[in-house]
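Working notes for the structure below.
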Amino acid sequence: MPELPEVEVVRAGLEPAVTGATVASVTVYDERSLRRHSGPSEDFVDRLTGRRMLAPQRRGKFLWIPLLTPEFPKEALVVHLGMSGQVLLRDRDTDDPLTRVRLELDSPSAGPAPRAPTAHRPLRLNFVDQRIFGSMAIDELVPALDHPSQQVPSSVSHIARDPMDELFDERRFFSLLARKNTTIKRALLDQTLVSGIGNIYADESLWGARVHYEQPTATLSRAKGTLLLSEVRAVLAQALAEGGTSFDTQYLNVNGVSGYFAHSLKVYGQQGRPCPRCGRPVVREQFMNRGSHFCPFCQRVR
DNA sequence: CCGGACTCCTGGTTGC
DNA sequence: TGCAACCAGGAGTCCG
């Protein structure tokens, strides 16, 4: 479900509430949500309980909260929302259906309620996930391959930087596009080439750049590639500014509020409706076992 | 290396 | 109205 803008909305929403917070207790309601954790759920609970949290970080669609140890942060709580995951910040007496993991926190300041003047207030973090494709895990932090003074969870180190990241390696991206024998939408969805893009924003960006999803990357001109990357950035930035895309209550921010970008979608889910540029009908085709939405007139393989 | 099939799941929507 | 089929923002593995 959630792509970069939605995950970033969650990260930013968590930041003021969890930075400096202490984990008072952890309850695992469904062990399947710990599939990516390398030990039993007791190990997950033990390694999280009593720890202090640092500022949440993100790479692509992966989110993590470094955990302070007496020495230095060397572990993090890694969260992936999968298709249907949510992180909700609640008062200590609020329940959410489909909560798979719950953390009770002592938060230093702000939360969903009006700011309390007291130094520490109780806060509940509910990890909600209908389909259980998302996960929580405690993972070791390792130096980032391209920037060893930064740390990333070991399970995230193979993920490329996202196109909004200052250290995104544009030269590497274009050189891989030129070298690989694949098509452009596959490449946009390949999180080891560029991260954060999912099915919605891939379709929206390709429409913006007038590129067909099956355009071979090797024959994509450098000018088109540059245009496409700028469309990706523009679409992600606008979606972030609008709080992400919510079709229903499947995606909500940490306060349970929907995003507005669904109103701005040009082709995703718009099959049969007129292309906003040329007026011809938007088409949906099956691709990679999911839908690809595009305008056959504006977007052609060339 | 590449692509397709298949896996992990639940619940809302669609269509007969 | 009832129920089955279909659909969904992701990502990993395996096999040919």
Worksheet item: How is A/Leu98 classified with respect to the nucleic acid when contacts are heavy atoms under 4.0 Å: base, sugar-phosphate, or nothing?
Response: sugar-phosphate
Fill in: Rounded interatomic separation in angstrom, taking CZ from A/Arg36 and C1' from B/dC8
11 Å
Worksheet item: Taking for each residue the nucleotide of DNA chain C with the nearest heavy atom, is it A/His158 or A/Arg131 whose nucleotide lies nearer the 5' end?
Response: A/Arg131
Fill in: Steps toward side chain to side chain contact (heavy atoms under 4.5 Å, CB included) verdict (A/Tyr201, A/Leu4)
CA-CA 9 Å; A/Tyr201 301 116; A/Leu4 183 153; over 6 Å; no
Practice prompt. Determine whether more than 12 heavy atoms belonging to other residues, nucleotides or ligands lie under 6.0 Å from atom CD of A/Glu285.
Written response: yes
Discussion item. I need the CG-P distance between A/Asp129 and B/dC8, as an integer number of Å.
Written reply: 16 Å
Fill in: Span that lies between the P atom of B/dC6 and that of C/dC7, in whole angstrom
16 Å
Worksheet item: From the list C/dG9, B/dC2, B/dC6, which nucleotide is the closest neighbour of the side chain of A/Asn181?
Response: B/dC2
Discussion item. Looking at C/dG9 and A/Phe247: do their rings stack (centroid distance under 5.5 Å, interplanar angle under 30°)?
Written reply: yes
Item to complete: Check every atom of B/dC2, B/dG3, B/dT10 against the side chain of A/Arg32 and return the nucleotide holding the closest atom.
Response: B/dT10
Worksheet entry | Atom pair NZ/OG1 of A/Lys180 and A/Thr217 - distance to nearest 0.5 Å | 8.0 Å
Fill in: Geometric cation-pi criterion A/Arg222 and A/Phe174, 6.0 Å radius, 45° cone
yes
Worksheet item: What nucleotide among B/dG3, C/dG9, C/dA11 has an atom nearest to a side-chain atom of A/Lys61?
Response: C/dA11
Practice prompt. Hey, which sits more toward the 5' end of DNA chain C by its nearest nucleotide, A/Ile159 or A/Gln130?
Written response: A/Gln130
Worksheet item: How many Å lie between CZ on A/Arg186 and C1' on B/dC1, as a whole number?
Response: 13 Å
Worksheet item: Please give, in whole Å, the distance from C/dG10 C1' to A/Tyr201 OH?
Response: 14 Å
Response to the item:
Looking only at C/dA11, B/dC2, C/dG9, the nucleotide nearest the A/Arg290 side chain is C/dG9
Worksheet item: Can a side chain N or O of A/Arg35 be found less than 4.0 Å away from OP1 or OP2 on C/dA11?
Response: no
Worksheet entry | Interatomic distance at P, C/dG9 relative to B/dT14, whole Å | 15 Å
Worksheet item: Looking at the side chain of A/Phe62, which of C/dA11, B/dC6, B/dC9 is the nearest nucleotide?
Response: C/dA11
Response to the item:
Here the distance between atom P of C/dC7 and atom CD of A/Gln286, to the nearest Å, is 7 Å
Worksheet item: Under the criteria of a ring-centre distance below 5.5 Å and an interplanar angle below 30°, is A/Phe133 stacked with the base of B/dC9?
Response: no
Worksheet item: Would you say A/Tyr251 stacks on C/dG9, if stacking means ring centres under 5.5 Å apart and planes within less than 30 degrees?
Response: no
Practice prompt. Under a 3.5 Å limit for both distances, which nucleotide forms a Watson-Crick or G-U wobble pair with B/dG4, could you say?
Written response: C/dC14
Fill in: SB check A/Asp203 A/Lys185 (cutoff 4.0 Å)
yes
Worksheet entry | Proximity of A/Tyr268 and A/Phe247 rings by center, below 6.0 Å | yes
Worksheet item: Would you say a side-chain N or O of A/Ser84 is under 4.0 Å from OP1 or OP2 of B/dT10?
Response: no
Practice prompt. Compare the minimum distances between each of C/dG9, C/dA11, B/dG4 and the side chain of A/Gln191, then state the nucleotide with the smallest one.
Written response: C/dA11
Item to complete: Verify the contact: side-chain N or O of A/Arg179 to OP1 or OP2 of B/dC1, cut-off strictly under 4.0 Å; return yes or no.
Response: no
Worksheet item: Could you state the OH-P distance from A/Tyr29 to B/dT10, rounded to the nearest angstrom?
Response: 19 Å
Discussion item. If I take atom CD1 in residue A/Ile132 and atom P in nucleotide B/dT10, what distance separates them, rounded to the nearest angstrom?
Written reply: 5 Å
Worksheet, complete the sentence: Rounded to the nearest 0.5 angstrom, the CE-CG distance for A/Met136 and A/Leu103 is 5.5 Å
Worksheet item: Between C/dG10 and A/His80, is there an OP1 or OP2 to side-chain N/O distance shorter than 4.0 Å?
Response: no
Discussion item. Measure CG/A/Leu34 against P/B/dC8 and give the value in whole Å, please.
Written reply: 18 Å
Discussion item. Looking at C/dG9, which nucleotide sits across from it as a Watson-Crick or G-U wobble partner, both distances under 3.5 angstrom, or is there none?
Written reply: none
